[in-house]
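Taking it in order: structure first as structure tokens, then the write-up.
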Amino acid sequence: MPDLEAQIAYLRERMSAAARRADAEMQERRMRRPPPQGLSLAVPGREVGTPAGVHYESVSVMEGSRRHGNFEISRLAALPPDLLAGITEGEAPAAPPETWVFLDTETTGLAGGSGTCAFLIGLGRVTADGFEIRQFFMRDFCEEASQLHAVREALAEAQVLVTYNGKSFDIPLLETRYRMSRARPPFGSIPHLDLLFGARRIWRLRLDSCRLTELETQILGHERDDDIPGELIPKAYFDFVRTGRAGKMGPVFLHNALDIVSLACLTAVVASVFRDGGRAELRHAAEFVAMGRWLRQAGRLGEARELFREAVRRNLREDLLFRTLWDLAAIERKLHAPDAAVSIYADLASCPNAHRRDAMIELAKHYEHRERNLPMALAFTEEARALADDADLRRRRERLLARAGQNGAPRLEF
DNA sequence: GAACCACACGATAAGATTTT
DNA sequence: AAAATCTTATCGTGTGGTTC
């Protein structure tokens, strides 16, 4: 294959030609770009240069005395260093809040793959006297390399990275952006907490949706005015790049900043709930149920029982109440409190609800095997059959009748 | 010893949800 | 529209105990 070297040389030449063409295109773009009009008026900030070019950065600070909804910003700096230690992916060391970085991006779309890029990357940081947001913006696609470079530098000291759905959206997207500009993604070694899943565990049953903006209003009590909806953001950016008019970028930066502040405040809330198993932080009955289910699933049955009982004590909406009583009974049994379970089954069997029939069956088992009271077992079996008969129940009835007959007990007919 | 019952545990699959 | 979880339900399978 004498041509191999020639082929390699040919490919090399083609590749570098392509790279030259891409660079030239970038250069030309830079020249052709309409000068951004009023960007620094719409978004206070400045042009920043890096070894990879230039981009635009904006820094804003929230004083510790400010509130975000009902959340005091100064609480952030007071959070314990080990707050996130147990709940990140990739063992986070105990690290003070000042070393956590909250990340959120605004992108040119929702589609994954390589066609989407993050034109705005916002990083939030807890400071001694408040909360600081740094936003890295590409005024045009030719500024991406510089923007990514600056973000890498800003992440250098981060001990924990916090996002909302970042595990499946922001981080993979940024990773491909770094690779596209022939750079290594800076996330590899940073322990990552995706708050979405913890938030869902807590509020799934209380709220219809666990989107970040929903938690912001429902949990933090913050109302946004003039917020730009997420789905309009890609178009706003394309318009800016095409026309250079910065009018719509102000709301986009604000949207990004608010997402980051909310993310930070919610991190404090979610992590605190998990820290004490939910007892001190929770208020709503549905939250107790959700946390109880999680504790049960994690094998912490004693705590799960405690939260289920608390949920039932509070005003639990009906669709959750009966299901929770049913689950609570199962836990009582596992924790060797069969009497508590039976009393719950009796309640469930005495009023119309989704578990009424199953509760009757549990009572039938109880009376057959524990109390050895065959007439009672038979009675509950028949009650259950009256609600809905099936082969299992008929077999149960036959067995009970046979045993009752064999024992010489008075034969019962139904 | 055979048949049955109740229960615990683990694997697995399906479905739902979030991000711009 | 793409990808990554998390929940929940649903199966087997093994165990221990009881009844005939």
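For clarity, every value in this text was computed on a predicted model and none was experimentally measured. Proteins get letters first, then strands, A, B, ... in listed order; numbering begins at 1 in each.
- Of the candidates C:dT5, B:dC5, C:dA9, B:dC5 carries the atom nearest the A:R395 side chain, counting heavy atoms from C-beta on.
- The side chain of A:L110 approaches B:dT19 more closely than any other nucleotide in the set B:dT19, C:dA3, B:dA6.
- Taking only side-chain atoms of A:R323, from C-beta outward, the nucleotide of B:dT19, C:dA9, B:dA6 with the closest atom is C:dA9.
- As rounded to whole Å, 17 Å separates atom P of B:dT17 from atom CG of A:L212.
- Distances from the side chain of A:T107 to the nucleotides B:dT18, C:dT7, B:dT20 place B:dT20 closest.
- Close to B:dC7, at under 4.0 Å from its OP1 or OP2, lies a side-chain N or O of A:K365.
- What separates NE2 of A:H369 from P of C:dG16 is a distance of 18 Å, to the nearest Å.
- The interatomic distance linking A:R296 (CZ) with B:dA8 (C1') rounds to 15 Å, in whole Å.
- The side chain of A:R293 lies closest to C:dT8, out of C:dT19, B:dC4, C:dT8.
- Side chain of A:K167, nearest nucleotide from B:dT19, C:dT5, B:dA6: C:dT5.
- Comparing B:dT19, C:dT19, C:dT7 by their closest approach to the side chain of A:R372 singles out C:dT19.
- No N or O donor and acceptor, one from the side chain of A:R204 and one from the base of C:dT7, sit under 3.5 Å apart.
- For A:R200, no side-chain nitrogen or oxygen approaches OP1 or OP2 of C:dT5 to under 4.0 Å.
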